[in-house]
Protein chains: 2
Amino acid sequence: MAGPGRQSKLEQAGGPADASGVPEMATIIGYKLRRAQLLVFQDFIDSFAELPLRPAEFSVLALIARTPGLKQSDIAARLGIKRANFVSLMDGLERRGLAERRKAAGDKRSHSLHLTEQGNRFVARMVELWQAHEQRLVDSLGGAAERDRLIALLDRIIGAKG
Amino acid sequence: MAGPGRQSKLEQAGGPADASGVPEMATIIGYKLRRAQLLVFQDFIDSFAELPLRPAEFSVLALIARTPGLKQSDIAARLGIKRANFVSLMDGLERRGLAERRKAAGDKRSHSLHLTEQGNRFVARMVELWQAHEQRLVDSLGGAAERDRLIALLDRIIGAKG
């Protein structure tokens with residue numbers, strides 16, 4: 001089992017491995033993804049301390065702002081949020097007076113989602129705070145071209161799996 | 001506030017934005033990181049169903065296997081795991097008979113971490129399963145060069161923040 005063929009496959013899969021094949025953490029895709037994601041989310045949460053806002057709430061508000069009237073099932077599916085989590089997230093946004101469910105015309109069982117007036121003002125401030133956060137990230141990557149390269153690579157993972 | 005200068009900064013920060021500056025989710029770094037990370041972790045958990053093993057447990061076992069005798073505080077810091085979470089994770093590995101804490105020589109308050117015999121066998125199987133998972137990821141990215149490029153970009157985020 002430990003012939004040269006196996007070793008070269010190990011090298012491809014995980015970069016440098018020791019004699020027993022145990023990988024170096026620094027070469028593992030999932031490990032690096034998680035470290036980067038946690039740091040980006042922490043910076044996001046710090047950036048939105050004044051509002052406050054969690055990343056999933058940001059995504060839902062941004063999507064409703066860009067496309068008012070989407071059904072809640074469409075938004076949940078598009079963002080990859082589980083139905084139960086999405087319902088409680090929307091409950092929170094409604095309680096804060098930022099977004100509302102309206103009965104969809106022609107289909108009484110489904111709801112379309114809209115921002116309130118207060119939600120529109122909230123989103124304007126949210127976008128300003130988000131810009132500063134995102135610009136820090138783009139700067140740390142080295143520029144917009146590197147941002148595009150990173151997203152293209154992540155899309156390969158998302159496309160292959162999702 | 002809505003002059004051309006602001007628009008071009010928006011374009012750099014978040015790619016295409018609508019008139020109100022609300023970003024398209026597909027261009028947001030943190031959003032894509034999270035989608036990719038969740039998919040990779042799900043594939044990881046599915047791959048390790050027979051053992052079973054969570055990503056953080058994998059990391060700790062791999063690090064102890066490569067560097068037996070490290071102190072638990074060093075491992076927690078190196079992997080970015082909070083102390084309380086690390087203690088309960090190590091408790092679980094000890095209960096399963098895979099790893100053990102030993103009093104560190106010369107410092108009775110700290111513990112060094114080691115694999116048991118059973119832990120060594122477990123890690124050998126873990127590495128085999130991990131290889132298949134990681135190879136799928138590398139294939140979805142397009143090859144080892146793309147893997148290296150992705151990790152280099154993630155390291156810029158981690159280095160700038162962590």
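Just so we're on the same page: letters track the sequence lines, and every chain starts at 1.
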Practice prompt. Kindly give the heavy-atom pair with the smallest separation between B/A65 and A/V22, and that separation in Å.
Written response: CB-CG2, 4.0 Å
Worksheet item: Any idea which heavy atoms bring B/V40 and A/G30 closest together, and the distance?
Response: CG1-CA, 3.7 Å
Fill in: Inter-chain contacts: residues 78-91 of chain A against chain B, heavy atoms under 4.5 Å
A/R78, A/L79, A/G80
Fill in: Nearest non-hydrogen partners of B/A62 and A/P23, listed with the distance
CB-O, 4.3 Å
Discussion item. Is it the case that the side chain of B/R35 and the backbone of A/I158 share a donor-acceptor pair, with hydrogens and angles ignored and the cut-off at 3.5 Å?
Written reply: no
Worksheet entry | B/I151 portion near chain A, given a 4.5 angstrom heavy-atom threshold | side chain
Worksheet entry | Toward chain B, the part of A/A152 with a non-hydrogen atom under 4.5 Å | neither
Discussion item. Within the structure provided, determine whether A/P55 and B/Y31 are in side-chain contact (heavy-atom separation under 4.5 Å).
Written reply: no
Practice prompt. Could you tell me whether a side-chain N or O of A/R34 sits under 3.5 Å from a main-chain N or O of B/Q37, the two making a donor and an acceptor?
Written response: no
Worksheet item: Going through the distances and angles, do A/L150 and B/L154 end up as a side chain to side chain contact (heavy atoms under 4.5 Å, CB included)?
Response: CA-CA 8 Å; A/L150 173 61; B/L154 296 173; 4.1 Å; yes
Worksheet item: Between atom CD1 of B/I157 and atom CG of A/L38, what is the distance when rounded to the nearest 0.5 Å?
Response: 12.0 Å
Discussion item. Just checking A/E50: does its CD atom have more than 12 heavy atoms from other residues, nucleotides or ligands closer to it than 6.0 angstrom?
Written reply: yes
Item to complete: Could you pull out the closest heavy-atom pair between B/L153 and A/E146, with the gap in Å?
Response: CD2-CB, 3.9 Å
Worksheet item: What residues form a salt bridge (charged side-chain N to carboxylate O under 4.0 Å, His left out) with B/R102, not counting sequence neighbours?
Response: B/E100
Fill in: Heavy-atom closest contact (A/S59 atom, B/M25 atom, distance)
OG-CE, 3.1 Å
Item to complete: Give the member of B/L63, B/N120, B/L141 that has the highest number of heavy-atom pairs under 4.5 Å with chain A.
Response: B/L141
Fill in: side chain to side chain contact (heavy atoms under 4.5 Å, CB included) between A/I28 and B/F58, intermediate numbers included
CA-CA 11 Å; A/I28 297 182; B/F58 175 94; 3.7 Å; yes
Item to complete: Without swapping roles, check the side chain of A/E134 against the backbone of B/I29 for a donor-acceptor pair under 3.5 Å.
Response: yes
Worksheet item: Can you tell me how far the CZ atom of B/R149 sits from the CZ atom of A/R149, to the nearest 0.5 Å?
Response: 7.5 Å
Item to complete: Tell me, for A/F41 versus chain B, whether the close heavy atoms (under 4.5 Å) come from the side chain, the backbone, both or neither.
Response: side chain
